[in-house]
Amino acid sequence: MQLAARLRPSRLNTYVFAVIAAGAAVVADVLVQHLPARVEVPSLTVLVLAALLVVGESQPIVISRGEDDLDEVTIASTFILALAILGPVWVLLAAQVAAVSLDDIRRRKNLQRLLFNNAQLVLSGAVTRMVFCLLTHRTFASDATPLQVHDVVPALAAGAVFFIVNNGLTGIVVALALNKPVLPHLRDDVRFQLSTSGVLLAFAPVVVVATGFSLLLLPLMLLPIAAVHRSAKLAAERERQALHDGLTGLPNRLYLSDRTGRALEAAERSAVGTAVLLIDLDHFKEINDTLGHYVGDQLLRQVGARLRTAMREGDTVARLGGDEFAVLACDLDGRAAAELVAQRLVAALMQPFSIDGVRLDVQASVGIALAPEHGSDVTTLMQRADVALYAAKEHRGTYAFYLPERDLHSVEKLALLGELREGVSDGQLRVYYQPKCDAATGDLVGLEALVRWQHPARGLVYPDDFIPIAENTGLIGALTLEVLDQSLCFARRLRDAGTPLGVAVNISVRCLTDLELPRQVAGLLGRWGVPPESLTLEVTETTIMVDPTRTMTVLGLLRDLGVSLSIDDFGTGYSSLSYLKRLEANELKIDKSFVFTMTTNSNDAVIVRSTIELGHNLGLRLVAEGVEDAETWNMLRALGCDVIQGYHLSRPLPADEVESWLEEYRRPLAAVTPLQRQA
Ligand code: C2E
Ligand code: MG
Ligand code: MG
């Protein structure tokens, strides 16, 4: 009920206080008017029934309609009705108050909730007793009176009254608290309630008759009651399982869809905003792969719990599978409010996690879709949150709103992803090779392997269009191994042909957190009989900075193998010099964006010159990529750059063409350098 207080303070609070007041009035009335002058100890039968009422109330079956255990069924209803039939009313009310209070105190419910629960049960009990007395001409306060044959129908009618009043009073408060329409909620509830508490109530007259005959028959009566209790518990548990995620205990996708559907209906009526936020953990796969599933599972549990506490009670936090979570936030006052929710979620995961003493830093990306702005049905909203998540993942650790402009793009990308998965396993990847030569002499020094995807329908697809997709999905691991395998196979072929050129392969940061990578690289080097010095691994500066600690470990293992390390696209990131030193790389590649314009833009020329100086001071070999003309080459040579690569020398070539290109390159240039050729 506290939850409701925050959601709909006026309506809910009014209702809750009205019920509490009515309950208090009934208790006062019974105490003042209907208590016998001399209160006597009730009969053993009445005491046993009262005791069973208290025990029954402590064994509730929680009906899983969400994370909030607002809806419950207990076997106490059998004994409440039995006492309402039998009387006296003060025992009934005293037993009810004792049962509810003990149970609520045990479960640490707050005072308002305790008072409400007491009041609604007192009201249900008193009305039931009153109806039964009216129908059987008994007096409200009369002592236990045995049940006659003609009392059976009134007893059942009283049971029906209890069912309606009890479920009505609790159903309304649940609906108000969850901000759901009251009548549909009551309707949804009634079937489950009829099959459980309905059956339990029908037992009450039988219990009264049997105990009137002999108290010894009571245990026999308890058997079917226990059976109903058990099957209701199982049904509730099955329903819970079907709607919840086993690992985190959070609602699952099915539950979220259902809740979202209802929230959208309610929002339409009250014109408030609703947001679906999809949350995906960055680097979860690496944690799972390197530290094991046990740690992965613990982490997911902790993440689930943190997300739950970051949200209001009325919002739904679900786990959709893997490392993907979702939040349904209702009653939002526009975009800014949704943004605040996203910030809260990101912040909740900011603090490091601790699992068995291991400290884990986790970042998350959040995609947000708003209703009605971005969609007014569940499917659209979920899809659009997914598109937004995709956008957010491109800048890790952040959130992004759905943008229609991105959508076409992303839907296409998603389609591409499915095809890429097949493409990688069906051998559609082609590695092209771009030669690099000594800036001063023009001698060939190596080849850079650049992957392309020979798509059956789209033709040749370039890496910028599929590497980011592969990186975001874990497919990059298989892709990298495939490129390494083809490149080393090609290096072997060149060696066999008497051209022992080294190859450079681009490695994505996703792979650099994989402790398996060094072993796999060693395996492939061995397989193709290529010495490690002939392999260079190019890693981009920005990717190293994303997660320096983990990356450093893998890079260290790779270095130990004897392969060279090259820092690609240098100048576009934000490396600190200390990292550059710690990396112990062999090579620095100046990003082509500076090289393109260095002859026309003096700032870029300065950047290139200082990079060359800096690199040389750190003992690194300097490579300039994107050299498209002789002028640039000349300038680079004058600045002392070691190696050049670019269209001026050659575009990336398919393996088959490389060998003939090498032939051609060698022959006319046997005596002259390319510079002289250009001149
Ligand atoms: P990169 O590693 O910086 O590769 C250089 C890119 O510049 C290549 O583009 C190359 O074709 C292009 N390039 C070379 N010389 C010139 C020039 O003179 N002018 C112009 N305009 N461009 C030039 P490409 O092949 O499209 O590759 C783009 C990026 O995709 C690469 O940038 C690299 O980061 C990534 N990539 C390529 N292959 C792989 C791979 O196997 N694995 C991974 N993880 N990434 C790859
Ligand atoms: Mg590269
Ligand atoms: Mg580059």
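One-based numbering, in listed order, for ligands and for the atoms of each.
Counting heavy atoms closer than 4.0 Å to ligand 1, residue D464 contributes side-chain atoms (C-beta onward) but none from N, CA, C or O. Residue contacts with ligand 1 for E448 involve side-chain atoms from C-beta outward but no N, CA, C or O (heavy atoms, distance under 4.0 Å). Under 4.0 angstrom from ligand 1, the non-hydrogen atoms of Q434 all belong to its side chain. Contact annotation: for L450 versus ligand 1, heavy atoms closer than 4.0 Å belong to both the backbone and the side chain. Here P652 has side-chain heavy atoms under 4.0 Å from ligand 1, and that is the only part of it that gets that close. Heavy atoms of E471 found under 4.0 angstrom from ligand 1: none, in either backbone or side chain. Contacts with ligand 1 closer than 4.0 Å are made by side-chain heavy atoms of E625 only, the backbone lying farther away.
Looking from atom 18 (O) of ligand 1 to the surrounding protein, the closest heavy atom is Y647 N, 2.8 Å. Among all protein heavy atoms, the one lying closest to atom 7 (O) of ligand 1 is K592 NZ, 3.1 Å. Among all non-hydrogen protein atoms, the one lying nearest atom 3 (O) of ligand 1 is D569 OD1, 3.1 Å. Nearest to atom 38 (N) of ligand 1 among the protein's heavy atoms is V451 N, 3.1 Å.
A heavy-atom distance below 4.5 Å is not found between the side chains of N506 and V483. Contact check for V521 versus L561: side-chain heavy atoms found under the 4.5 Å cut-off. Residues F570 and I590 fail the side-chain proximity criterion, which asks for heavy atoms closer than 4.5 Å.
Numbered from 1 in the order shown, with element, the atoms of ligand 1 that lie under 4.0 Å from a heavy atom of S508 read 44 (N). Residue E628 approaches ligand 1 through these ligand atoms, each under 4.0 Å from one of its heavy atoms: 17 (C), 18 (O), 19 (N), 20 (C), 21 (N). Under a 4.0 Å criterion applied to the non-hydrogen atoms of D568, ligand 1 contributes the atoms 1 (P), 2 (O), 3 (O).
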Step-by-step side-chain contact (heavy atoms from CB on, under 4.5 Å) determination, L537 to L484: CA-CA 10 Å; L537 300 179; L484 274 167; 4.2 Å; yes
D245 vs R253, salt bridge (Lys or Arg N to Asp or Glu O under 4.0 Å): CA-CA, chis, key distance, verdict: CA-CA 9 Å; D245 161 53; R253 188 184 289 274; over 6 Å; no
Stepwise side chain to side chain donor-acceptor pair (under 3.5 Å) test for Y433 and E448: CA-CA 5 Å; Y433 299 91; E448 178 175 5; over 6 Å; no
Criterion side-chain contact (heavy atoms from CB on, under 4.5 Å) on L460 and Y432, from CA distance to verdict: CA-CA 11 Å; L460 202 63; Y432 278 46; 3.5 Å; yes
Evaluation steps, side-chain contact (heavy atoms from CB on, under 4.5 Å), between V563 and E533: CA-CA 5 Å; V563 303; E533 313 82 74; over 6 Å; no
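For N506, the nearest N, O or S atom to the Mg ion (ligand 2) falls under 2.8 Å.
Here D280 pairs with K393 in a salt bridge; the nearest charged N to carboxylate O distance falls below 4.0 Å. Salt bridge R493/E659: present, at least one basic N to carboxylate O contact under 4.0 Å. In this structure, R492 pairs ionically with D496, as a charged nitrogen and a carboxylate oxygen lie closer than 4.0 Å. Salt bridge status for E625 with K436: absent, with no side-chain N to carboxylate O gap under 4.0 Å.
The heavy atom nearest to atom 43 (C) of ligand 1, out of those in V627, N506, T540, is found in N506. Comparing G646, S593, P463 by heavy-atom distance to atom 26 (O) of ligand 1, the nearest is P463. Across the listed options V483, L429, D629, V483 owns the non-hydrogen atom lying nearest to atom 41 (O) of ligand 1.
In this structure, R651 forms a cation-pi arrangement with Y647, its terminal cationic atom sitting closer than 6.0 Å to the ring centre and no more than 45° off the ring axis.
Under a 3.5 Å cut-off, the side chain of R359 and the backbone N or O of S354 do not form any donor-acceptor pair. Judged by distance alone, the side chain of T480 and the main-chain N or O of I476 form a donor-acceptor pair under 3.5 Å. The backbone N or O of L565 sits less than 3.5 Å from a side-chain atom of N586, completing a donor-acceptor pair. In terms of modelled atom types and a separation under 3.5 Å, the side chain of D438 and the main chain of V643 share no donor-acceptor contact.
Heavy atoms of H648 stay at 4.0 angstrom or farther from ligand 1. Contact analysis puts I467 in contact with ligand 1, with a non-hydrogen atom separation below 4.0 angstrom. Assignment of Q645 to the shell around ligand 1 is not supported, since no heavy atom sits closer than 4.0 Å. Assignment of F596 to the shell around ligand 1 is supported, since a heavy atom sits closer than 4.0 Å. Under a 4.0 angstrom heavy-atom cut-off, K589 registers as lying outside contact with ligand 1.
For atom 9 (O) of ligand 1, the nearest protein heavy atom lies 4.0 Å away or farther. For atom 21 (N) of ligand 1, the nearest protein heavy atom lies closer than 4.0 Å.
When the N, O or S atoms of D569 are ranked by distance to the Mg ion (ligand 3), OD1 comes first. The Mg ion (ligand 3) is closest to atom OD1 of D568 (considering only N, O or S atoms). The atom name of the N/O/S atom in E448 closest to the Mg ion (ligand 2) is OE2. The minimum distance between the Mg ion (ligand 2) and any N, O or S atom of E538 involves atom OE1.
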